[in-house]
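Here is the structure we will look at.
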Number of protein chains: 2
Amino acid sequence: MFSIKNNVLHLLLIRRAAPPFDGCWSLPGGFIDIEQDSSVEAAAMRKLQQKTGLQPGYLEQLEVFSGKGRDPRGYSVSLAFFALVPYSAVSSNIATVSQASWWPVQDIASLQLAFDHQEIIQRAHHRLKQKALYSMLPVYCLPPAFTVGQLKAVIEAIIGKEIQRKSLMRRIEASNMFHLTEQKVSSGGRQAQLYQLKPGVDITHFNRNLGD
Amino acid sequence: MFSIKNNVLHLLLIRRAAPPFDGCWSLPGGFIDIEQDSSVEAAAMRKLQQKTGLQPGYLEQLEVFSGKGRDPRGYSVSLAFFALVPYSAVSSNIATVSQASWWPVQDIASLQLAFDHQEIIQRAHHRLKQKALYSMLPVYCLPPAFTVGQLKAVIEAIIGKEIQRKSLMRRIEASNMFHLTEQKVSSGGRQAQLYQLKPGVDITHFNRNLGD
DNA sequence: AAAATAGTGTCTGTGAGACACTATATT
DNA sequence: AATATAGTGTCTCACAGACACTATTTT
């Protein structure tokens with residue numbers, strides 16, 4: 001589960017409370033319960049709710065990781081997901097769940113994580129980067145109403161590179177995904193227009209990438 | 001498993017020989033055997049070899065399909081793959097496997113397929129189309145040495161739209177993935193230059209799509 | 001010679017990057 | 001007034017589309 005905190009891309013890790021890898025940081029996860037999970041997505045949502053106390057606005061299958069080398073207990077098959085959530089939705093909920101915390105994605109590489117979670121995170125980050133280049137997916141890291149400046153900051157945090165405000169405005173216009181609200185918001189200078197997602201729209205995919 | 005036959009995109013289906021869906025056409029598949037499959041990819045390759053007699057040059061995880069509605073026997077979790085293979089590699093092998101045959105992708109929608117394979121195929125086709133727009137992936141549908149005309153035909157078959165030969169030549173040049181062979185080949189007009197993949201190169205991804 | 005396919009030259013169109021410029025807020 | 005952030009105008013650049021043109025082969 002990714003989010004943006006202080007204009008830095010963060011990932012939610014939880015500390016394991018049982019062997020194997022007791023005490024290590026790891027991705028939130030668990031097993032499918034065929035009684036209550038109507039699909040693997042439902043299982044992922046249930047586990048996230050249970051382990052982190054929150055439901056992401058976006059959830060997508062990443063990839064299956066499998067084999068006998070990844071869990072000391074033996075052969076395993078795990079389906080990894082990646083999720084996006086606005087950090088504003090987080091603050092209260094997360095406090096109630098002990099041993100869960102947000103880490104800057106850049107700092108994770110030097111941690112000792114459980115299983116092959118280091119590799120899973122790399123893959124997830126890579127996919128998120130790609131999608132940020134050609135789609136509006138990063139809006140799911142923002143609250144329902146947001147400014148162009150916020151969206152720009154989120155995209156830059158994800159792709160690790162500056163983009164032109166102008167390019168982003170062109171895309172916002174062309175995508176037709178958003179409408180202006182009457183509100184404006186202050187941030188130390190001229191007030192910024194608040195946008196929000198039109199209800200029921202799909203995430204636009206562009207046919208060129210940003211940041212060539 | 002996709003391939004190109006007579007400049008038309010085809011998919012390999014096999015006829016089921018046991019319930020459920022006895023006699024229906026279906027995707028080749030099977031169960032993981034943790035004794036012999038070191039990973040889910042290995043399992044996919046083994047099942048393809050066993051059910052169709054051939055090994056694709058490209059194999060990629062598509063998506064997990066899950067739930068209790070998709071198999072009358074109860075809850076199931078299936079990982080679908082998509083694969084590309086040159087049709088030239090096929091002709092001999094496939095004859096040895098009864099009840100496997102290539103279908104034009106366009107004709108499949110009207111068939112009665114087993115399980116949710118109709119939906120899986122739609123998703124696979126969609127992903128293949130997208131990748132054909134921004135990458136050189138379609139080369140895996142061609143033999144080791146091929147002409148620009150052949151590659152153009154493959155891409156057009158996949159995306160269902162004509163592209164400019166000029167655009168493709170620009171990409172071939174820019175990708176630096178191929179080298180010319182000394183051979184040329186006849187096809188009813190001026191002889192065409194044969195290209196082949198440089199050994200060990202990665203599939204280039206472009207930052208614009210074809211067919212805007 | 002005619003037809004077919006291969007390949008090039010070059011113009012247009014689209015949208016990203018760059019960046020100066022205007023607009024409006026806070027201090 | 002100075003500064004900070006929001007937003008626009010407009011030029012350049014890269015690359016896809018279009019399409020006429022040349023090149024080389026078969027019939």
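Here is the naming used below: chain letters follow the sequence lines, and residue numbers restart at 1 for every chain.
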So for atom NE2, which belongs to B:His179, do other residues, nucleotides or ligands contribute more than 12 heavy atoms lying within a distance under 6.0 Å? yes
Distance check needed: D:dA14 P versus B:Tyr134 OH, whole Å only. 24 Å
So does A:Arg208 get a backbone contact from the side chain of B:Arg208, meaning a donor-acceptor N/O pair under 3.5 Å? no
Measure the distance from CZ on A:Arg208 to P on C:dG15 and round it to the nearest whole Å. 6 Å
Flag yes if more than 12 heavy atoms outside B:Arg123 fall under 6.0 Å of its CZ atom; otherwise flag no. no
Just the rounded figure in Å: distance from C1' of C:dA16 to NZ of A:Lys152. 14 Å
Between P on C:dA16 and CD1 on A:Ile155, what's the gap in Å once rounded to a whole number? 11 Å
Can you tell me how the ring of B:Phe82 sits relative to the ring of B:Tyr58, calling it parallel under 30°, perpendicular over 60° and tilted otherwise? tilted
Between P on D:dG7 and CG on A:Leu194, what's the gap in Å once rounded to a whole number? 9 Å
Taking N and O atoms by type only, does the side chain of A:Arg190 place a donor or acceptor under 3.5 Å from a partner on the base of C:dA25? no
Run the salt-bridge test on B:Glu63 and B:Arg127 with the 4.0 Å N-O cut-off and return the result as yes or no. no
Return the value, rounded to whole Å, for the distance between atom CD1 of A:Ile159 and atom C1' of C:dA16. 12 Å
In terms of the nearest nucleotide of DNA chain D, which residue is placed more toward the 5' end: B:Gly211 or B:Ser186? B:Gly211
Send over the distance from A:Phe206 CZ to C:dA16 P, rounded to a whole Å. 7 Å
Would A:Arg70 and A:Ser76 count as a side-chain hydrogen bond (donor to acceptor under 3.5 Å, both in side chains) if you check the C-alpha gap in whole Å, the side-chain angles of each, and the deciding distance to 0.1 Å? CA-CA 7 Å; A:Arg70 51 190 302 279; A:Ser76 64; 2.7 Å; yes
Heavy-atom nearest nucleotide on DNA chain D taken for B:Asn207 and for B:Gly188; more 5' hit belongs to B:Asn207
Within 6.0 angstrom of B:Glu119 CD, more than 12 heavy atoms from elsewhere: yes
Could you tell me how far apart A:Gln150 (CD) and D:dA6 (C1') are, to the nearest whole angstrom? 13 Å
Please check the phosphate of C:dT24 (OP1 and OP2 only) for any side-chain N or O of A:Gln191 closer than 4.0 Å. no
Does anything in residues 162-185 of chain B come within less than 4.0 Å of DNA chain D? Heavy atoms only, and list the residues if so. B:Gln164, B:Lys166, B:Ser167, B:Arg170, B:Arg171
